[in-house]
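Data block below; observations after.
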Amino acid sequence: MSEIGAKIVELLTALMTVITAVVTPNWAALIGLLPLFIAPLVVLWFLSTTGAWTLVAITKRGPRLAPRDEAPVPAARAADGTPIYPAGRPYSARRAEVYPAGSVRDRQGLPLSLACPGCGAVRLAEISTCAGCGMEIRQRSVMQLERPSGPPAGGSANA
Ligand SMILES: [Zn+2]
């Protein structure tokens, strides 16, 4: 009987030790382990956001700027057949073609001419200031914003 009682007391003591460890844990040791629980969460968050932004950067295609390559147009002709060049637009007198604003060379690489819109003096298109009247023309090549031709598939297109 006393042997069974001693066993029961021993069992209860062991049980109380386990319950004590669960109910009142060693907080100092747990606080010491806190970085081990937080560090993986921070790493996971960093990897997920970085991965998400990398996916966005790879898959989302934004608008791109590209210099517009406008073809020269033939100059308008007067009644007697002489070409008319609009003032302020570069032109090639050799080929009677008017080039888009900002062009300084023709397709063969030869310099273009430009009539001053202020005084009508003709000069090279690559010279920005008119020698006759001092009017300055700063022309930049025309940039074209390349966009997708329409909205992405879906929405009302599916309906
Ligand atoms: Zn001028």
Side-chain angles (χ1 to χ4, degrees), residues 20-159:
T20 303
V22 170
V23 173
T24 57
N26 185 356
W27 288 110
L30 284 179
I31 294 297
L33 290 177
L34 208 55
L36 290 179
F37 294 109
I38 292 178
L41 291 177
V42 170
V43 168
L44 275 177
W45 173 81
F46 186 75
L47 287 178
S48 64
T49 53
T50 306
W53 281 113
T54 305
L55 276 179
V56 166
I58 290 174
T59 56
K60 186 175 173 65
R61 187 173 173 272
R64 295 174 186 182
L65 284 176
R68 192 193 304 173
D69 186 26
E70 273 184 13
V73 294
R77 299 278 177 173
D80 59 346
T82 56
I84 303 170
Y85 303 113
R89 290 279 305 274
Y91 65 90
S92 167
R94 187 175 288 110
R95 301 175 61 87
E97 289 174 334
V98 177
Y99 279 73
S103 305
V104 293
R105 300 265 167 181
D106 66 0
R107 296 277 165 115
Q108 285 75 38
L110 298 171
L112 294 173
S113 303
L114 185 134
C116 175
C119 64
V122 174
R123 65 175 193 270
L124 290 178
E126 49 198 21
I127 300 172
S128 63
T129 307
C130 176
C133 68
M135 177 183 274
E136 186 174 354
I137 299 179
R138 288 191 179 275
Q139 292 180 330
R140 300 186 197 107
S141 62
V142 179
M143 299 299 278
Q144 191 174 28
L145 195 59
E146 185 182 308
R147 289 184 184 278
S149 59
S156 63
N158 285 348

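Reckoned from all heavy atoms, side chains included, excluding hydrogens, waters and symmetry mates. Here the structure is a predicted model, which is why all the values come from computation and not from measurement.
- In this structure, CG in Leu30 is found 11.5 Å from CG in Leu36, a value given to the nearest 0.5 Å.
- Across every non-hydrogen atom of Thr50 and Thr54, the tightest pair is O-OG1, 2.6 Å.
- Taking each heavy atom of Arg123 and Cys116 in turn, the nearest pair found is NH1-CB, 3.9 Å.
- Contact between Gly32 and Pro35 at its shortest, heavy atoms only, is O-CD, 3.4 Å.
- Between Arg107 and Pro72 the shortest heavy-atom distance is NH2-CD, 3.4 Å.
- Between Leu112 and Asp106, the closest side-chain pair of non-hydrogen atoms falls below 4.5 Å.
- The two residues Ala93 and Tyr85 come nearest to each other via the heavy atoms CA-OH, 3.4 Å.
- Within the 4.5 Å cutoff, the side chain of Cys130 has no heavy atoms near those of the Glu136 side chain.
- For the pair Tyr91 and Val122, the minimum side-chain heavy-atom distance is below 4.5 Å.
- Residues Leu110 and Ser92 have side chains not in contact (no heavy-atom distance under 4.5 Å, counting atoms from C-beta outward).
- When side chains are defined from C-beta on, Ser113 does not count as touching Pro90, because their heavy atoms never get closer than 4.5 Å.
- Environment of CZ in Arg94: sparse, with no more than 12 heavy atoms of neighbouring residues, nucleotides or ligands closer than 6.0 Å.
- The CD1 atom of Ile84 sits 9.5 Å away from the CZ atom of Arg77 when rounded to the nearest 0.5 Å.
- To the nearest 0.5 Å, atom CD1 of residue Ile137 and atom CD1 of residue Ile127 are 11.5 Å apart.
- For the pair Arg105 and Glu126, the salt-bridge criterion is met [side-chain N within less than 4.0 Å of a carboxylate O].
- Across all their heavy atoms, Pro117 and Met135 have their closest contact at CG-SD, 3.7 Å.
- Remark: Arg95 CZ is loosely packed, at most 12 non-hydrogen atoms of other residues, nucleotides or ligands lying under 6.0 Å away.
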